[in-house]
Number of protein chains: 2
Amino acid sequence: MPASIGDVADRAGVSVATVSRALRGLPNVAPSTRERVLEAAATLGYVADARAAGLASGHTRTVGVAVPLIGPWFFSQVLAGVEAVVTARDLDVLLMTVDDAAGRERLAAGARLRGRVDGLIVVDIALTEAQKAELAANDLPAVVVGAEAEALPCVLVDNVEVGRTATSHLLELGHTRIALIGHAREDPLHFPVPEERRRGYHEALACAGIAPDPALEVDGNFSVAGGAEAATALLDRVDPPTAILAMSDEMAFGCLRVARQRGLAVPGDLSVIGVDDHDVSPAWDLTTVSQPVHRVGGQAAELLLAVMDAGATSPARIALPTSLRHRGTTGPPMVPTEPSPLGQDALR
Amino acid sequence: MPASIGDVADRAGVSVATVSRALRGLPNVAPSTRERVLEAAATLGYVADARAAGLASGHTRTVGVAVPLIGPWFFSQVLAGVEAVVTARDLDVLLMTVDDAAGRERLAAGARLRGRVDGLIVVDIALTEAQKAELAANDLPAVVVGAEAEALPCVLVDNVEVGRTATSHLLELGHTRIALIGHAREDPLHFPVPEERRRGYHEALACAGIAPDPALEVDGNFSVAGGAEAATALLDRVDPPTAILAMSDEMAFGCLRVARQRGLAVPGDLSVIGVDDHDVSPAWDLTTVSQPVHRVGGQAAELLLAVMDAGATSPARIALPTSLRHRGTTGPPMVPTEPSPLGQDALR
DNA sequence: GTGAAAGCGCTAACAA
DNA sequence: TTGTTAGCGCTTTCAC
């Protein structure tokens, strides 16, 4: 049975109100009184019950972070970014994964959230417009990461541009058969992000006058193993691609593994570009489209804190920059594919 | 202003007690009544306030997870493992980082924890014996990951053996100058783990009759970049090692990067072995000592739930197995170093 | 099967 | 500067 505020009050010979004030550093407490209270609390090992304090004061000193998955590098980095700024404000982080439709529905409805968090960061979870509206209608301050939102502040990168940048890079190197490894459209997680990157890929191809080949778009499950499987399928084709755009560095690693196993020269026989700029990408010398992952989390947290402080702000929309990191896994195709002057011209 | 239990009671024409019972699926509620309550709650969008519910019932439905860092692969995987089992029980996860002495002290004292969590998992945080005792003395159920604990259940791998296994592997291949990349001893995080791996390394060397060379033990900060720096320093020596044992795969990646940059053949000129079996290690073909990272988290969570259920159990101590994954980055040294028959003999 | 009422342990007005 | 007291919104006896 832990000591309660009443125990401290008794021991210090003051009222509970004074204890409360003294312990929280509020003004209007005589120094000598405060000292006595502090001492009593210390010897009793008193810690205020967060539920009781929160119930009485109306807040929780906690922000929720909802992610579809915890394991992948991207989410762990975003989480770290959030945690850093949230902790600096002496708030806690409640972590929750929502990876199915039911979870999304509950999240939007604010179920389980009341009395648990003062604010919410939703990372890469494909809420419907109706759900976003529902979330915004909740009194709960919330910010969305990785998706546009009407009534909610959001922080994101331009993923269409990400797809375009990566694809253009390969096109400029002279590739015309460029594969895309991404996420299955009907995936239960249903990220919004892959779809946008795919659009950028299509736009860049169209710009170069190249008709997209549906056979070159495969699912890589955003994992190393998935990327390897996808690359295997692609390279087994009679008309394999000369370059692969993987929507994450982790999938790109899988591609590189397969390339090495097959004795393919990179980038001679196969160029590979990823997205993220994963910790280990420099070590692989992987060309990639870098996004400020940690900063995404930090920015989202700062935005949320601002909303929590201000009560209500005009929904901000923060776009963070991405940039091409041209490293060693992309280069011109060694054997020129069938001449395609049209494609070449379009590049200028 | 969200609907309260009273609002639901009014709308359903029953008392708050009945609403509480009906919503929580307790017995002794007439089916028709329950239905009416459910409907009222649904139309009002009622969600019970977690603080109030917790305050009245005495629990929080939350478990805390304390880690020194969030970003590194190891911690994200452990966290994922914990989250999976905790979520299955419909509990939430409160994430906290403690990365300094003050934080450790607060953690042990249970500060900030009362009324926030029903149980705590402490991952790779170097508590003193006194602090562990303090933590155990708290009424709060807790389990420790990555360190021994007297009075607390713990789950760990045998990190001495990890060091020994990796080192022996290199010795058996014929290496005699084996470097160790780990963590600086005076690091503020002060993991217990690196020290144990280092001991295993020393034991294996001793077993082979090889005197450890302090110059071959360097800090790699458990990051890719740190591993690269460490490898650079090692390879710049006049008497470079022929093999490197990195205490994490991420540091090993850094080593491989440096080796490649310098045109060193792996494993011909340099063997590299890591620890973890990181997601991308198979892609690198990295030899490593694998540990069941996800399982570590899951096991810890299960242990914690058991303690929370049982009230008190005999402090379990669960050791999870590790195993050598002999892949492509380790092999015999190409140029035999100075003959060392003694070392060779000792290997049998 | 249902309701009334007493807390759970705090914070915040309001008094003094 | 300090104390008294009324909640915060729920759960949980204990009656009925």
Side-chain angles (χ1 to χ4, degrees), chain A residues 1-38 40-41 44-62 110-118 139-140, chain B residues 1-38 40-41 44-62 110-118 139-140:
Chain A
M1 209 66 199
S4 77
I5 196 173
D7 300 331
V8 179
D10 290 350
R11 190 167 228 281
V14 295
S15 72
V16 293
T18 300
V19 172
S20 178
R21 284 189 284 253
L23 257 28
R24 286 182 299 151
L26 297 188
N28 296 330
V29 178
S32 65
T33 308
R34 189 185 302 271
E35 194 173 339
R36 234 172 336 124
V37 171
L38 254 31
L44 258 37
Y46 170 72
V47 181
D49 184 297
R51 290 165 304 199
L55 189 55
S57 65
H59 56 49
T60 64
R61 302 204 63 71
T62 305
R112 295 188 66 61
L113 257 31
R114 190 159 86 101
R116 294 198 145 282
V117 301
D118 293 335
D139 49 349
L140 189 72
Chain B
M1 210 66 196
S4 77
I5 196 172
D7 300 331
V8 179
D10 291 349
R11 188 165 228 282
V14 295
S15 72
V16 295
T18 299
V19 172
S20 178
R21 282 189 285 253
L23 256 28
R24 286 181 300 149
L26 296 188
N28 294 330
V29 178
S32 65
T33 308
R34 188 185 305 271
E35 195 173 335
R36 232 167 344 119
V37 171
L38 253 32
L44 259 37
Y46 170 72
V47 181
D49 184 294
R51 290 165 304 198
L55 189 55
S57 66
H59 55 50
T60 64
R61 302 204 63 71
T62 305
R112 296 188 65 63
L113 259 31
R114 190 160 85 102
R116 294 198 144 282
V117 301
D118 293 335
D139 48 350
L140 190 72

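Taking a 4.0 Å limit (strictly below) on heavy-atom distances, residues 21-30 of chain B reaches DNA chain C at Arg21(B), Asn28(B), Val29(B), Ala30(B).
Taking every side-chain heavy atom of Ile5(A) into account, dC10(C) is the closest of dC10(C), dG3(D), dG9(D).
Annotation for Val8(B) and Ala41(B): closest pair CG1-N, 3.9 Å, computed over non-hydrogen atoms.
Side-chain atoms of Arg11(A) do not come within 3.5 Å of backbone N or O of Ala40(A) as any donor-acceptor pair. Formation of a donor-acceptor pair under 3.5 Å by the Arg21(A) side chain with backbone atoms of Leu26(A) is not found in this model. Remark: the backbone N or O of Ala53(A) is paired with a side-chain donor or acceptor of Ser57(A) at under 3.5 angstrom. A donor-acceptor pair under 3.5 Å links the side-chain atoms of Asp7(A) to the main chain of Ser4(A), judged by distance alone. Judged purely by atom type and a 3.5 angstrom limit, Arg114(A) has no side-chain atom pairing as donor or acceptor with the backbone of Tyr46(B). Proximity of a side-chain donor or acceptor of Asp118(B) to a complementary backbone N or O of Arg61(B) within less than 3.5 Å is detected.
Side chains of Thr62(B) and Arg116(B) form no contact here, defined as non-hydrogen atoms less than 4.5 Å apart.
OP1 and OP2 of dC8(D) both lie 4.0 Å or more from every side-chain N or O belonging to Ser57(A). Listed pair Thr18(A) / dG3(D) meets the phosphate criterion, a side-chain N or O lying under 4.0 Å from OP1 or OP2. OP1 or OP2 of dG1(C) has not a single side-chain nitrogen or oxygen of Thr33(B) nearer than 4.0 Å. Here Ser20(A) reaches the OP1 or OP2 of dT11(C): one of its side-chain N or O atoms lies under 4.0 Å away. Contact annotation: Arg114(A) reaches the phosphate of dC10(D) (side-chain N/O to OP1 or OP2, under 4.0 Å).
The CG atom of Asp10(B) sits 12 Å away from the P atom of dC10(D) (whole-angstrom rounding). Going from atom CZ of Arg36(A) over to atom P of dT1(D) covers 14 Å, rounded to whole Å. If you measure from atom NE2 of His59(A) to atom C1' of dC8(D), you get 12 Å, rounded to the nearest angstrom. Across the protein-nucleic acid pair, Leu55(A) atom CG and dC8(D) atom C1' stand 4 Å apart, rounded to whole Å. In this structure, Asp7(A) places its CG atom 14 Å from C1' of dC8(C), rounding to the nearest Å.
Rounded to 10 degrees, the angle separating the terminal helix axes of the helix from dG1(C)-dC16(D) to dA16(C)-dT1(D), each built from five base pairs, is 30°.
Both Ser15(B) and Ala52(B) sit near DNA chain C, but only Ser15(B) has its closest nucleotide nearer the 5' end. Map Ala17(B) and Arg51(B) each onto its nearest nucleotide of DNA chain D; the residue landing nearer the 5' end is Arg51(B).
Remark: the Ser20(A) side chain and the Arg24(A) side chain contain an N/O donor-acceptor pair separated by less than 3.5 Å.
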